[in-house]
Each structure stands twice: as C-alpha cells, then as structure tokens.
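Naming: A, B, ... by sequence-line order, numbering from 1 per chain.
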Protein chains: 2
Amino acid sequence: MNLINADAIKKVLQDNGVKPSLQRIKIYEFLTTQKSHPTVDEIFVSLAPELMTLSKTTVYNTLNLFVEKKIITSILVEENEIRYDSDITNHGHFKCIKCKKVYDFSYDLSKHAIAELSDCAITEYHAYIKGICNKCL
Amino acid sequence: MNLINADAIKKVLQDNGVKPSLQRIKIYEFLTTQKSHPTVDEIFVSLAPELMTLSKTTVYNTLNLFVEKKIITSILVEENEIRYDSDITNHGHFKCIKCKKVYDFSYDLSKHAIAELSDCAITEYHAYIKGICNKCL
DNA sequence: GTATCTGCAAAACATTTGCAATTCT
DNA sequence: AGAATTGCAAATGTTTTGCAGATAC
C-alpha cells in the first residue's frame, strides 16, 4: 500500500465522518483495490495474515458502518452471502454460477422510469443477473 | 379454497413432477392467492392454524422443491430473508423500507440487452428497488 | 482521562440435515 | 409392503450483541 493511496483513503473516511483506524483503512483499501465484491469471510481471510489480531466482529462492525455512512454498498446475488462494493454508482452485478465470481456490468436502473413507482420515494436501485460467464462456457 | 382452484393447483404440481400432497397444495395455494411475497416464517405462521402438524422443515423442503422444479422463484430484497413468488415471469420488486411490504412492478430486465454479457449464458434476471411507498409517504 | 474502537465469547436467527414416524398407493 | 413425505431435534452457518481491554486524542 503506497502512502499516496493511504492518504486518499483516509480522506474518504474522514470526509464521511469515519475515524480512519488501521483496520478501517485496510478494509476500505481492500474493497477499492480488489474489485471482487468480497464477502465478510473473504475480507477477513484476506486481511487476517496482515492484521494478525483482526476479528470478524470488527469486519462486520466496519462494513456496517461504511454502509450506514454510504461509503460502500451491500449487494445481494445469493441468499446466503452479503457482498460489498466500494463502487457506489448504480450498476449491475452478474454472478457466474460455475466459477462463483461476481462481475460488474454497466446498467443504471434509475434511468429507466417505472410508471408504477412514480409516486414512491426511491432510495436504492439494484439489478443482478445469474448465468455462466464466457470463461466457463 | 374452492375445488376448481384445488384441481388447477394439483395440475400445476403434477405437470411439474411434484406429487400434490396436502401441505404442498396449501403452500402453493397460499403463494398464488396471497401475492405478498411471503417469507418462510410468514407462510408457516399463516398455514399453521389450518395444518396443525405443519413444521417449518416441511415449508423449507417444499419451497426448495418448488424452486428446483421452477414452479416458483425465490427473490432477494433484504439480506436476512428469502421471499417467494409464484409469478415466474420476469418482473421487478419494490420494498418499502417503512411498511416492509414488497410490491411488484412490471419490468423485464431481459429486454434490455447488456453488451458486456453478450457472450454469457444467462439463466436469471432480477431487478429490485427500495424506498418508501406512496401510502407511507 | 475520557471517548471510541477492537475483538472475544455468547446469543440470536435462518436454514439444512439425519432420522424416525407417518402417509399414500 | 414399499416408496415417498412429513416433522422433530440437532447441527450448521452467518450476523449481532454484551462487555472488557486496548487505543487514540
């Protein structure tokens, strides 16, 4: 992790009212550099060697805090796992049912007016697709 | 439950290779008449008075069987709950974060070609939106 | 020195599994 | 009787909570 990046990450956290502790910086850095939409467990396993005292509780606490502060979003593609994404712009997610990877695709559901919801106050748009990716076909 | 409906339900189950036991008929009937996208718990609580020996295991078994046989689909709008829908056509779901109800909206993501996924084999399209419904505003 | 943050252990839930009892044909 | 279905109890897995110790300003 280079220092320029570290400073940029600290700034994002501070600008959103989150104190930049080492654990928080590392978790946010992991999400921004690895665009793999990791689960809590994947984040924990990846960072544990470096942050030897890290606990899953802290990963949960931190991710919930980030979501609350709208620094990241949680995404659902499978019922038994919440995944996290540091890209908070509207886009879709594609999960390959063979290799289990989750890919982004550019698609903004908010751009498609939905008549039935015209009198609702919308806070979140989500689109996801499942299938088999080109590498697995 | 009228008998004409019962026969129609039996036919759907049989046509899809599912033996129409009382529990299965009642669960499928509940899903088709109550278009409320219930959770396992809601289905169990609603049917338990009528089917006094019903167990949650049977509700789980039955719903998993229905999904496997593509008689119903499971939908995700919230991380801690799987909901079920007897409408298997492509459409979207809107969850009101105040009253917690889940509404349908007509929207077929498959009609919107996504260039990045043109070389993938797609099996499922999902779109969901969160916000506050007109009744709660 | 007081607030906050971290992390262990336990609790809370949802879902699955093993297996015995029941039901259906 | 034989095969499938049901349902209890226990196991599994994920997320949350309570709280004590560590850290930071």
Determine whether Ile82(A) and Val102(A) fall in the same hydrophobic cluster, where Ile, Leu, Val, Met, Phe, Trp and Tyr are linked whenever their side-chain heavy atoms lie under 4.5 Å apart.
no
Between atom CG in Leu13(B) and atom C1' in dA4(D), what is the gap in whole Å?
15 Å
Quick one: does Gln34(A)'s side chain have a donor or acceptor within less than 3.5 Å of a partner on Leu31(A)'s backbone?
no
Would you mind reading off the distance between Ile27(B) atom CD1 and dG7(D) atom C1', rounded to a whole angstrom?
12 Å
If we ignore angles and hydrogens, is there a donor and acceptor under 3.5 Å between the side chains of Asn90(B) and His126(B)?
no
Watson-Crick or G-U wobble mate for dA3(C), both contacts under 3.5 Å:
none
Expected string for nucleotides 5-16 of chain C under the B/S/- scheme (protein heavy atoms, under 4.0 Å, primed atoms plus P, OP1, OP2 as sugar-phosphate) is SSBBB----SBB
Using whole Å, what does the distance between atom P of nucleotide dT15(D) and atom CD of Glu68(A) come to?
17 Å
Partner lookup for dT23(D), please. Criteria are Watson-Crick or G-U wobble with both distances under 3.5 angstrom; report none if nothing qualifies.
none
Distance-only donor-acceptor check, side chains Asp108(A) and Ser110(A), under 3.5 Å:
yes
Length of the line joining Ile43(A):CD1 and dT14(D):P, which is rounded to integer Å:
14 Å
Here the distance between atom P of dC8(D) and atom CZ of Phe44(B), to the nearest Å, is 8 Å
Keeping the roles fixed (side chain from His91(A), backbone from Thr89(A)), state whether a donor-acceptor pair exists under 3.5 Å.
yes
With respect to Glu78(A), which candidate in Lys100(A), Lys130(A), Arg83(A) satisfies the side-chain hydrogen bond (donor to acceptor under 3.5 Å, both in side chains) definition?
Lys130(A)
